[in-house]
Amino acid sequence: MPAHFQHPWRSDFPILNIEREGAPLIYLDNAATTQKPQVVIDAISHHYATNNANVHRGVYSLSQLSTEAFEQTREKVRCFINARSITEIVFTKGATESINLVASSFGEYMFHQGDEIILTIMEHHANIIPWQQIAEKKGCIIKVVPISENGTLDLDTYKSYFNSKTKFVSMVWVSNAIGVENPIKECIEIAHNNNVPILIDASQSIQHLHINVQDLDCDFLVFSGHKIYGPSGTGVLYGKERLLEVMPPYQTGGDMIKKVTFEKTTFADLPSKFEAGTPNIEGCIGLGASIDYINGIGIKDIVLHEQGLMKTAIEAIQSYDFLQILGYNGSNVSALSFTMKGVHPHDIASILDKKGICIRAGHHCAHPLMQFYKVSSTSRISFALYTTHDEIIQCIDELASIYALFS
Ligand code: PLP
């Protein structure tokens, strides 16, 4: 591998050592999913090779070992986001399921005809459709906070939306489509000043920013394990205990009950009440290993490294007038969306693929945001802790060649 692609953390990720199209893999689609370090891969295979049994059920020691390893991750997550208690950490299969859980359970319990829910125009579909579904069922209204051209949330409109009918806010912290960071603490304060609970979609923040849910004071926060160097099919819902306590179960079945008779079922305490059925045991153990891995590096160093990458990318993209960045306001976190004059994003991504460079082209599961920018798709580059400055420069140099080819 050329020296300029080397980075202290890179060698921890086996996939980054392979070549694509005769060149080292340049993976710039980290907002979609991150690559996995060897320690995460090892944690999963170690579990299968030595500890595998179902959790929370067996009295035999193998099941207890498996349960211990699984539950250790809950404590690691609690510590990582500084939740007050492990009762506030619910395992799900991803951010999507976490949001669906809150929308249907909290919505079922709290929403009534004419109530209002506040979202923003930059939400991922996963933070739109669950709210649409419950709004339709309960006869609620969804209000959408707009942004300015550079991606900045319109806080005046946000504030003006609150009234006695407002029942919930659900908002992304960092946009997956354009990388803009919302002033999340301020948005939480505004919601609370109006006595409205707020869910934070931290899918694109958990791997790039320091998160402290007690300091943020958010009511719910969600993320997916696969975006934080952990396995797919794992996710977390953080919720304040007093809210989770009163919410009805989302799914029912084994492992979430105290007692079942054909006349009546009583439900288990938190967090089991929201974890029906056999969970993704090895996935959660892998997620624990990914959190250990990040802690081993230190989120502060990751933030610094990624801020440097953003500076490199912005300077390089802005040096070409045929590239137009969508939604850049200086707050962007590890993702940038752009268009190229006269060239379709899918063509760009396909040509880059032939050079071993992976970037995302499409609507990024954010149709309303694409409609706002009057485009059907964009090209997006997104970074991770193993991304190097040279990879970004090489990718952007290739963009110049593509433009030359098409013009
Ligand atoms: N929210 C945001 C901001 C995302 O970027 C994503 C995934 O890209 C999701 C929600 C949904 O995550 P998942 O598909 O892992 O459930």
Side-chain angles (χ1 to χ4, degrees), residues 27-36 40 77 81 90-104 119-133 144-145 147 151 153 169-184 187 198-209 211 218 220-238 250-251 274 279-280 283-284 286-287 290 306 326-327 331-337 358-370 372 377-384:
Y27 183 75
L28 296 175
D29 193 18
N30 294 284
T33 198
T34 52
Q35 301 301 346
K36 316 304 168 198
V40 168
V77 172
I81 62 171
V90 177
F91 287 132
T92 63
K93 63 184 164 74
T96 300
E97 188 177 43
S98 300
I99 298 170
N100 273 278
L101 190 164
V102 178
S104 61
L119 307 177
T120 82
I121 196 166
M122 65 170 83
E123 300 309 321
H124 187 283
H125 297 160
N127 200 26
I128 299 176
I129 307 161
W131 302 108
Q132 268 178 345
Q133 294 289 105
V144 182
V145 186
I147 54 172
L153 199 67
V169 179
S170 195
M171 183 182 289
V172 73
W173 185 341
V174 173
S175 158
N176 65 302
I178 52 177
V180 159
E181 178 183 3
N182 286 323
I184 215 65
C187 291
I198 179 164
L199 179 150
I200 305 304
D201 178 354
S203 302
Q204 301 293 341
S205 342
I206 189 81
Q207 65 284 54
H208 303 302
L209 301 171
I211 294 188
C218 53
F220 300 96
L221 182 136
V222 306
F223 65 90
S224 293
H226 70 95
K227 298 199 198 267
I228 181 178
Y229 312 104
S232 328
T234 63
V236 169
L237 164 64
Y238 157 80
Y250 169 58
Q251 290 178 337
F274 290 112
N280 183 349
C284 286
L287 176 61
S290 75
E306 292 182 357
L326 278 83
S331 74
N332 299 52
V333 178
S334 294
L336 281 175
S337 243
C358 311
I359 75 159
R360 183 64 173 267
H363 53 64
H364 317 294
C365 296
H367 277 167
L369 188 63
M370 296 297 112
F372 169 77
S377 59
T378 74
S379 302
R380 181 188 70 190
I381 53 173
S382 53
F383 321 132

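One-based numbering, in listed order, for ligands and for the atoms of each. Numbering starts at 1 and runs along the sequence shown. Any value given below was found using the heavy atoms of this structure, including those in side chains, with hydrogens, waters and symmetry copies removed.
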Quiz item: Starting from atom 12 (O) of ligand 1, which protein heavy atom do you reach first, and at what distance in Å?
Solution: Ser224 OG, 3.6 Å
Quiz item: Does His226 come within less than 4.0 angstrom of ligand 1, counting non-hydrogen atoms of the residue?
Solution: yes
Quiz prompt | Option with minimal heavy-atom separation from atom 8 (O) of ligand 1, where the choices are Lys227, Arg360, Glu123 | solution = Lys227
Quiz item: Partners of Thr120 by side-chain contact (heavy atoms from CB on, under 4.5 Å), sequence neighbours excluded?
Solution: Met122, Glu123, Val145, Leu153, Met171
Quiz item: Looking only at protein heavy atoms, which one is nearest to atom 4 (C) of ligand 1, and how far off is it?
Solution: His124 CD2, 3.3 Å
Exercise. Give the residue and atom name of whichever protein heavy atom lies nearest to atom 5 (O) of ligand 1, and the separation in Å to one decimal.
Key: Gln204 NE2, 2.7 Å
Quiz item: Just by distance, with hydrogens left out, do Trp173 and Glu181 show a side-chain donor and acceptor under 3.5 Å apart?
Solution: yes
Exercise. Taking Ser98 for its side chain and Val236 for its backbone only, find out whether a donor-acceptor pair lies under 3.5 Å.
Key: yes
Quiz prompt | Nearest neighbour in protein (non-hydrogen) for atom 3 (C) of ligand 1 | solution = Asp201 OD2, 3.4 Å
Quiz item: Purely on distance, is any nitrogen or oxygen of Glu97 under 3.5 Å from one on ligand 1?
Solution: no
Self-check item: Residues forming a side-chain contact (heavy atoms from CB on, under 4.5 Å) with Ser104, sequence neighbours excluded
Solution: Tyr250
Exercise. Would you mind checking which non-hydrogen protein atom is closest to atom 11 (C) of ligand 1, with the distance to 0.1 Å?
Key: Thr96 OG1, 3.4 Å
Quiz item: If you round to the nearest 0.5 Å, how far is CG of Leu199 from CG of Leu221?
Solution: 7.5 Å
Practice problem: Would you check if the side chain of His364 reaches a backbone N or O of Gly362 as a donor-acceptor pair within less than 3.5 Å? | Solution: yes
Quiz item: Okay, side chain of Ser224, backbone of His226: is any donor-acceptor separation there less than 3.5 Å?
Solution: no
Self-check item: Val172 contact mode with ligand 1 (heavy-atom cut-off under 4.0 Å)
Solution: side chain
